[in-house]
Number of protein chains: 2
Amino acid sequence: MAENTFHKLRDEIENGILKGEFEPGERLDEVQLATHFGVSRTPIREALMQLSAIGLVEIRPRRGAVVVDPGPERVFEMFEVMAELEGMAGALAARRHTNQDRSALLAAHKKCESAATSQDPDSYYYENEAFHLAIYAASHSGFLEEQCAALHRRLRPYRRLQLHVHNRMKTSLKEHGEIVEAILAGDAEAARSLLRIHIAVQGDRFSDLVSNLGKRTRPKSTTA
Amino acid sequence: MAENTFHKLRDEIENGILKGEFEPGERLDEVQLATHFGVSRTPIREALMQLSAIGLVEIRPRRGAVVVDPGPERVFEMFEVMAELEGMAGALAARRHTNQDRSALLAAHKKCESAATSQDPDSYYYENEAFHLAIYAASHSGFLEEQCAALHRRLRPYRRLQLHVHNRMKTSLKEHGEIVEAILAGDAEAARSLLRIHIAVQGDRFSDLVSNLGKRTRPKSTTA
DNA sequence: TCATCCTATCTTGTATACACAGTAGTTGAC
DNA sequence: GTCAACTACTGTGTATACAAGATAGGATGA
């Protein structure tokens, strides 16, 4: 541990963006953030630099940092790439998973099941994340795992919105079951295509997503 | 452009790392870099923050920044992911390419041909990069294009080493030809698998890569 | 009344200063 | 002679100060 101030600030601001406390397009005032966190501008700037490098904020010269607004097409493209990477992770996991991975996957799946039966979207959202992280880990490719986790993290807010679509939780859980089965059976191509379909935003889910993107920018009331 | 100092510094240091001026594992002294570039430590730190966010350097608290050394397995994993992403870009390009993309691809391919016939590895290296960027652009997925370009850039030094392997240039060019054909014919799955094979480091190429990784860390004489 | 220009203020970008942690070198003791 | 501890120094982390550009508001002219 023993992290530095700018590390904590980076996570803090990143979470703020992902949770929607800072809206897309919003300007991030350095002095304001500095006073808010009780630090000087220096570590704030360093945190913003890191966020700009991973594409969460954009720094325009002499004009400050703004929260990047990906827009519907870009979000769709991100899901497209996520589907491909997850498919790859699933395929590798099918070939390489150990007994430990097997237990982790089954345990994560079971927790998703509990969350789904108790009809708790927030809990399912959390356990779903753990489930996917377990797949990445089972791929035994450190780099792929990192890339997947990073993109997964970035897509969090949109995934969260999707879960509130009617019946999505139930469908999602059913797909999880098939995915686990394919991976544990060592069927790489089945795991790949099942995961692709699981992630991809196709058909109705696309219009659901676009519709939800509009809702994301809230009526300014919960800002404080 | 009117970029800021830290933008230029970031590119400068990044190029230094990719070109091997800074060796993997080497400590990046802030004061030394500052005096070298004739600036203060502030923009240097901001540049290092960005490089740490994209994984080129690692910042350990109170112990400064060091150039990340991926190690053979990690490099292999990066090529694995690159192969998948390029395959995806090729598949999308096959479906979505416009007449403009078509001309750009053919032009880039022709330039590779010229470089190959004149037996110029450096020139081929450059034109090869342009060729692959043309494929990314033809995918018409802005996010995928960015991801591919970033990873491609990061793998530059290793690709450069590979080109010096005997006959690689000729084989590479032949593969390019087949890839162009598949894309222009609209055969997505052919384009995908051809590109996967083109990028993947398999069989002999893996041992070539590992052997070249050793050469990269030079005999410490050119440090000054 | 509207548009344009000028000015004042606010914010970013860079430099510098100071505090604290880590590291290395030296000295002393076993 | 070797190991450990203490001290001095080097370098990072954060704050603050200063300079320069951008924006907004007001004033003047058409």
Side-chain angles (χ1 to χ4, degrees), chain A residues 1-17 21-69 217 220 223-224, chain B residues 1-17 21-69 217 220 223-224:
Chain A
M1 292 294 156
E3 284 179 329
N4 284 329
T5 311
F6 62 84
H7 281 131
K8 279 174 278 183
L9 288 173
R10 170 169 56 76
D11 295 346
E12 206 76 48
I13 298 173
E14 183 179 2
N15 279 329
I17 294 173
E21 288 166 18
F22 304 107
E23 291 182 22
E26 183 176 338
R27 183 138 157 269
L28 296 169
D29 189 284
E30 294 177 2
V31 182
Q32 200 174 311
L33 288 168
T35 53
H36 179 260
F37 288 111
V39 296
S40 83
R41 277 176 51 218
T42 309
I44 295 283
R45 279 184 65 84
E46 291 176 348
L48 290 177
M49 290 292 162
Q50 299 214 4
L51 294 179
S52 109
I54 59 174
L56 260 178
V57 307
E58 189 187 343
I59 296 181
R60 294 168 306 176
R62 289 267 169 210
R63 300 184 61 197
V66 296
V67 179
V68 165
D69 182 7
T217 34
K220 279 281 184 184
T223 311
Chain B
M1 285 297 155
E3 283 180 330
N4 284 331
T5 310
F6 63 83
H7 281 130
K8 279 176 277 183
L9 288 173
R10 170 168 56 77
D11 295 346
E12 206 77 49
I13 298 174
E14 182 179 2
N15 279 328
I17 293 173
E21 289 166 18
F22 303 108
E23 293 182 21
E26 183 176 339
R27 182 136 157 273
L28 296 169
D29 190 285
E30 294 178 2
V31 184
Q32 199 174 311
L33 288 169
T35 53
H36 179 260
F37 289 110
V39 295
S40 84
R41 278 176 53 219
T42 308
I44 295 282
R45 279 184 65 83
E46 292 177 347
L48 289 177
M49 290 293 160
Q50 298 215 354
L51 293 179
S52 109
I54 58 174
L56 261 177
V57 308
E58 190 186 341
I59 295 181
R60 294 168 305 175
R62 286 271 167 206
R63 300 184 62 197
V66 295
V67 179
V68 165
D69 183 6
T217 32
K220 280 281 183 188
T223 310

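Because the structure is a prediction, the values reported are computed rather than measured. Here is how names work: the chains are called A, B, and so on, in the same order as the sequence lines, proteins then strands, and each is numbered from 1.
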> Counting only non-hydrogen atoms, which of residues 39-51 of chain B are less than 4.0 Å from DNA chain D?
Replying inline: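 Contacting residues: B:Arg41, B:Arg45.
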
How close do [X] and [Y] get, counting heavy atoms only, and between which atoms?
X: B:Val66; Y: B:Arg60; result: CG1-NH2, 3.4 Å
X: A:Phe22; Y: A:Ile17; result: CD1-N, 3.7 Å
X: A:Pro24; Y: A:Val68; result: CB-O, 4.2 Å
X: B:Val31; Y: B:Asp29; result: N-OD1, 3.0 Å

Point-to-point distance, once rounded to the nearest 0.5 Å, from [atom1] of [X] to [atom2] of [Y]:
X: A:Gln32; Y: A:Arg27; atom1: CD; atom2: CZ; result: 9.5 Å
X: A:Thr5; Y: A:Phe37; atom1: OG1; atom2: CZ; result: 12.0 Å
X: A:His7; Y: A:Asn4; atom1: NE2; atom2: CG; result: 6.0 Å

> Which residues within residues 9-17 of chain A lie with some heavy atom under 4.0 Å of an atom in DNA chain C?
Replying inline: none

>> Taking side chain to side chain contact (heavy atoms under 4.5 Å, CB included) as the definition, give me every residue that meets it alongside B:Asp11, ordered by chain and number, with sequence neighbours left out.
In response: B:Glu14

> CZ of B:Phe6 versus C1' of C:dT14: gap in Å, rounded?
Replying inline: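 So the CZ-C1' distance, B:Phe6 to C:dT14, works out to 11 Å.
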
>> If I take atom CD in residue A:Glu30 and atom P in nucleotide C:dG13, what distance separates them, rounded to the nearest angstrom?
In response: 6 Å

>> Does the protein touch nucleotides 20-25 of chain C at the base, only the backbone, or not at all? Give it as B, S and - per nucleotide, heavy atoms under 4.0 Å.
In response: BSSS--

Identify all side-chain donor-acceptor contacts of residues 49-59 of chain A below 3.5 Å with residues at least two apart in sequence or on another chain.
| residue | atom | partner | partner atom | Å |
| --- | --- | --- | --- | --- |
| A:Gln50 | OE1 | A:Arg10 | NE | 2.7 |
| A:Ser52 | OG | A:Met49 | O | 3.3 |
| A:Ser52 | OG | B:Gln50 | NE2 | 3.3 |

Would you be so kind as to tabulate the donor-acceptor pairs closer than 3.5 Å made by side chains of residues 39-48 of chain B, with sequence neighbours excluded?
| residue | atom | partner | partner atom | Å |
| --- | --- | --- | --- | --- |
| B:Ser40 | OG | B:Thr42 | N | 3.2 |
| B:Arg41 | NE | B:Glu30 | OE1 | 3.0 |
| B:Arg41 | NH2 | B:Glu30 | OE1 | 3.1 |
| B:Arg45 | NE | A:Glu46 | OE2 | 2.8 |
| B:Arg45 | NH1 | B:Glu30 | OE2 | 2.9 |
| B:Arg45 | NH2 | A:Glu46 | OE1 | 3.4 |
| B:Arg45 | NH2 | A:Glu46 | OE2 | 3.3 |
| B:Glu46 | OE1 | A:Arg45 | NH2 | 3.4 |
| B:Glu46 | OE2 | A:Arg45 | NE | 2.8 |
| B:Glu46 | OE2 | A:Arg45 | NH2 | 3.4 |

> What are the bounds, 5' to 3', of the part of DNA chain D that sits under 4.0 Å from heavy atoms of chain B?
Replying inline: D:dG11 to D:dT14

Can you pull every protein N or O that's under 3.5 Å from an N or O on nucleotides 5-9 of chain C?
none

